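These notes are about the structure you will find just below.
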2 protein chains.
Amino acid sequence: MSDSPEEMAVWCAGEDWCPVTSTATIICRKWHPVIVHRLLHNGPTGFSELEDHVDGVSSKVLSDSLEDLQEKGLVDRTVINDQPFRVEYSLTKRGADLEPIISAMEQWGKANLHAPNESAEGRF
Amino acid sequence: MSDSPEEMAVWCAGEDWCPVTSTATIICRKWHPVIVHRLLHNGPTGFSELEDHVDGVSSKVLSDSLEDLQEKGLVDRTVINDQPFRVEYSLTKRGADLEPIISAMEQWGKANLHAPNESAEGRF
DNA sequence: CGGCATCCACATGGATACTG
DNA sequence: CAGTATCCATGTGGATGCCG
């Protein structure tokens, strides 16, 4: 498991900052990964459209999540039109760079989880 | 952004299950990614040792997290010795397969975040 | 060492209704 | 369409102390 027991010090011993922890605090919220995933695959998306694509999310929670993602510099909000009023949410560079993480999550999910309606082992 | 606008339906339209969402509910908790990361890099680890490696976690929260990870089939707990009492936590196959996700998170963090004490742009 | 018991605070999410 | 306003329930984490 270890790369080299002696040379490579045990992780975070004496370290006060850890990239994994920090990244986790950024994207570890229930809908964040899915929202990013949808924006990655569908490109810039309006609010209600996004609400449709993210199954099960309420407008309040989606609104909260998008605000949080904007604060963290992962998502941009652009007003496209005034009459009728239109906005578009899109990924910033930072946000788009999350793609490997989201993609890895998708792969793992497909390999290790399953749809609830399929006949399977019970858990997940 | 889209792979193929016509052929590939918009994500989760009509779908009732999504691998990204499901994976997020499994590992999106504050310490889960870090715990997995430490187990990946250091191999089987005792409780207190793990507590040392995961900077900032309390024994109660670590205990809760490990229990959750066990329930989800990502971590195994093995009693190594009775006198003195020793246990070891290790990753199951499922847990070890999270490596691409954790690794991607680590890379993204290194590229997009920074240590608090470094002179930098202010945010994160 | 490897936890659990307790208590508490707050973050997060869900339901519902309403608005410009 | 694109949200906001409430209100509430629960999840989640943190602090402290104790135990076999």
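Note that the structure is a prediction, hence the values are computed from the model and not measured.
Of the side-chain N and O atoms in A:Arg77, one or more sit less than 4.0 angstrom from OP1 or OP2 of D:dG3. Side-chain N/O atoms of B:Tyr89 include one lying less than 4.0 angstrom from OP1 or OP2 on C:dG3. Within the 4.0 Å cut-off from OP1 or OP2 of D:dC1, at least one side-chain nitrogen or oxygen of A:Ser48 is found. For D:dG13, one of the phosphate oxygens OP1 or OP2 lies less than 4.0 angstrom from a side-chain nitrogen or oxygen of B:Arg29. An OP1 or OP2 oxygen of C:dA11 is reached within less than 4.0 angstrom by no side-chain nitrogen or oxygen of B:Lys30.
One donor-acceptor pair, N or O on each side, does fall under 3.5 Å between the base of C:dG14 and the side chain of A:Lys60. B:Ser58 contributes no side-chain N or O that forms a donor-acceptor pair with the base of D:dT16 under 3.5 Å.
B:Leu69 places its CG atom 14 Å from the P atom of C:dG3, with the value rounded to the nearest Å. Atom P of nucleotide D:dG11 and atom CD of B:Glu71 are separated by 13 Å, given to the nearest angstrom. In this structure, A:Glu49 places its CD atom 16 Å from C1' of D:dG3, rounding to the nearest Å. Between B:Trp31 atom CH2 and D:dG13 atom C1' the separation is 10 Å, expressed in whole Å. Residue A:Ile26 contributes atom CD1, which lies 16 Å from atom P of C:dA11 at whole-angstrom precision. One atom, CG of A:Leu62, and another, C1' of D:dG3, lie 10 Å apart when rounded to the nearest Å. Going from atom NE2 of A:His32 over to atom C1' of C:dG13 covers 11 Å, rounded to whole Å. Remark: C1' of D:dA5 and CD of A:Glu67 are 14 Å apart, rounded to the nearest angstrom.
Out of C:dG2, D:dT4, D:dA2, the shortest distance to the side chain of B:Phe85 is found at C:dG2. For B:Phe47, taking side-chain heavy atoms from C-beta onward, the closest of the listed nucleotides C:dG13, C:dG3, C:dT6 is C:dG3. Which of C:dG14, C:dG2, D:dG14 sits closest to the side chain of B:Val61 comes down to D:dG14. For A:Val87, whose side chain is taken as the heavy atoms from C-beta onward, the closest listed nucleotide among D:dG3, D:dC1, D:dG17 is D:dG3.
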Subject >> Worked verdict on B:Leu74 versus B:Leu91 for side-chain contact (heavy atoms from CB on, under 4.5 Å) >> reply: CA-CA 6 Å; B:Leu74 305 178; B:Leu91 294 169; 5.5 Å; no

Original post:
For B:Thr21 and A:Lys30, what are the C-alpha separation, side-chain angles and deciding distance, and is it a side-chain contact (heavy atoms from CB on, under 4.5 Å)?
Top reply: CA-CA 8 Å; B:Thr21 309; A:Lys30 184 163 182 179; 5.9 Å; no

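Between B:Cys18 and A:Arg38, the shortest heavy-atom distance links the atoms SG-NH2, 3.3 Å. Heavy atoms only, all atoms of each residue included: B:Phe47 and B:Ser59 are closest at CZ-O, 3.6 Å. Of all the heavy atoms in B:Asp97 and B:Pro100, the pair that sits closest is O-CD, 3.2 Å.
Positionally, the nearest nucleotide of DNA chain C for B:Asp64 lies more toward the 5' end than for the other of A:Val57 and B:Asp64.
Counting any heavy atom pair closer than 4.0 Å across all strands shown, B:Ser63 reaches sugar-phosphate atoms only and no base atom.
A side chain to side chain contact (heavy atoms under 4.5 Å, CB included) with B:Ser90 is found for one member of B:Leu39, B:Asp76, B:Val75 and no other, namely B:Asp76.
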